[in-house]
Number of protein chains: 2
Amino acid sequence: MQLDKLHYAILNELQSDARSSNAAIGRKIGLTAPAVAERIKKLQEAGIIKGFSAVVDYSKLEYIHNVLIAVKLQPNMIASFLKETEKIEGIVKMIHTTGEYCFFLHLFLKSVEELTVLLDRFGKFGDTITYSILSVPIDYKPIHF
Amino acid sequence: MQLDKLHYAILNELQSDARSSNAAIGRKIGLTAPAVAERIKKLQEAGIIKGFSAVVDYSKLEYIHNVLIAVKLQPNMIASFLKETEKIEGIVKMIHTTGEYCFFLHLFLKSVEELTVLLDRFGKFGDTITYSILSVPIDYKPIHF
DNA sequence: GGTGAAAGCATCTGGTG
DNA sequence: CACCAGATGCTTTCACC
C-alpha cells in the first residue's frame, strides 16, 4: 500500500483520538468525511491500523499489581508456551526476543496470590525472573509521522 | 469512583472498539446514548480511561527495526534519563522496575544507524543490553472485566 | 438516568477529473 | 481510482423531566 501525507495525517489524528469523527479529521486535513472513511477502511484492510482501543489505567481498577516477567524457555517449548499464555488474563504485552531471556511479559494482577499461581504455571516451561514495576513512564505512546 | 457492571461493560466495548458509537454501546448494555456519553466522560475525568488510540502496526510502515533495551542506570540518573527518553521518538513503552536492569524500553526504529546513535546516547546513563525482537505475540491486549 | 428537538455525522449513490 | 456533492437515516448534544 502506497501512503501519502494525508494517510499519515489520518494516522496521527487517530492515534491521538480514535473517537474523533471522520468529518472532524477531514476538516483538519482538507478532505470530506467519505474520503476519510474510505482511507481509514483501506488502512485497516492493509493491517496498518490493527484496531481502535480505549487506553485504560488498570492500576486504578482492581489490577493493583504490575509486574514484568522474563522467561528463559527450555528448547522446543515456544509453541506450548504461546498456547499457555493465550489463556492468561492480564498480559498486556509479550515480547519474543533473541538472547538469553527470550520472552518478556508485562502483566497486571489482582493479587500476589495470582503471581504465585502464574509462576508455578510458567515453571514447566523454563526459568523466570520477576521484576516489580515501580512505574511505566511511557505507555501506549504513539509514533507521530 | 464507584464502578458498577455497566461501567465495566462500557470499558470492555471501548477496549474492543473505541470508535463504537455511544448509541451502539447503549443498545448492547441497556442504556440510552446520553447515559453512555455521561459515563464515558466520568471515566475519563477519573483517569480510568486515559485516551482512545488507533493501534498501528509500525513494522508495516517505515519502522522496520523493533528492539527491547534493558538499561542498568548509574545512581542518581533516573531524572535525567527520564528527561532524555522523553525526547526520543519510537519508544512505545518504557517500564521502570526493581532489580538489576531497572528500565526496559520497547522501541521501533527506522534503521540500524538509529540504534547506534541511541545506544551512544544511553551510554552516559549506564549499561544497556539490546535484544532483537523476533515477534510480539501479545500487544495492546485489553483486559476484559 | 430518560426524553425530545435541533444540529451534526456516517453512509450511500451518482457524478467528475 | 480517489474524491466530491447531495440525500437519508443515525447519532450527538442540550434542554428539561
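The sequence lines fix the lettering, A, B, ..., with proteins before strands; numbering per chain opens at 1.
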Exercise for review: Round to the nearest Å and state the distance from A/Asp4 atom CG to D/dA2 atom C1'.
Suggested key: 10 Å
**Study point:** side chain to side chain contact (heavy atoms under 4.5 Å, CB included) evaluation trace for A/Leu118 with A/Glu113
**Key:** CA-CA 9 Å; A/Leu118 204 67; A/Glu113 288 72 40; over 6 Å; no
Review point. For A/His96, does its backbone N or O pair with a side-chain atom of B/Ser135 as donor and acceptor, under 3.5 Å?
Key: no
Review point. Taking CG from B/Leu31 and C1' from C/dT3, how many angstroms apart are they, rounded to a whole number?
Key: 14 Å
Practice item. May I ask you to check whether A/Phe81 and A/Phe122 place their ring centres under 6.0 Å from each other? Key: yes
Review point. When the aromatic ring centroids of A/Phe104 and B/Tyr131 are compared, is their separation below 6.0 Å?
Key: yes
**Study point:** 4.5 Å side-chain heavy-atom contact, B/Phe103 and B/Leu73
**Key:** yes
Check your understanding: Quick check, are the ring centers of A/Tyr8 and A/Phe145 under 6.0 angstrom apart?
Key -> yes
For nucleotides 15-17 of chain C, which of its nitrogen or oxygen atoms have a protein nitrogen or oxygen under 3.5 Å away, and what is each distance?
none

Check your understanding: Roughly how many Å is it from CD1 in A/Ile40 to C1' in C/dA10, rounded to a whole number?
Key -> 11 Å
Exercise for review: Compare every heavy atom of A/Asn22 with every heavy atom of A/Ala33, then report the nearest pair and how far apart it is.
Suggested key: O-CB, 3.8 Å
Review point. Looking across every strand, which nucleic acid part, if any, lies under 4.0 Å from B/Lys41 by heavy atom: base, sugar-phosphate, or nothing?
Key: nothing
Check your understanding: Are the charged groups of A/Asp17 and B/Arg19 less than 4.0 angstrom apart, N to O?
Key -> no
Check your understanding: Has B/Lys50 got its NZ or CZ under 6.0 Å from the middle of the six-membered ring of A/Tyr140, at an angle within 45 degrees of the ring axis?
Key -> no
Exercise for review: Could you check A/His65 against A/Ser59 for side chain to side chain donor-acceptor pair (under 3.5 Å), going step by step and ending with a plain yes or no?
Suggested key: CA-CA 7 Å; A/His65 290 92; A/Ser59 62; over 6 Å; no
Point to revise | Distance-only donor-acceptor check, side chains A/Lys93 and B/His106, under 3.5 Å | key: yes
Check your understanding: Can you give one letter per nucleotide of nucleotides 11-17 of chain D, 5' to 3': B if a protein heavy atom sits under 4.0 Å from the base, S if only from the sugar-phosphate, - if neither?
Key -> SSBB---
Exercise for review: For the helix from C/dG1-D/dC17 to C/dG17-D/dC1, figure out the bend between the end axes, five pairs an end, and round to 10 degrees.
Suggested key: 40°
Revision key, fill the gap. Separation of C/dG14 atom P from A/Glu38 atom CD, nearest Å, is 16 Å
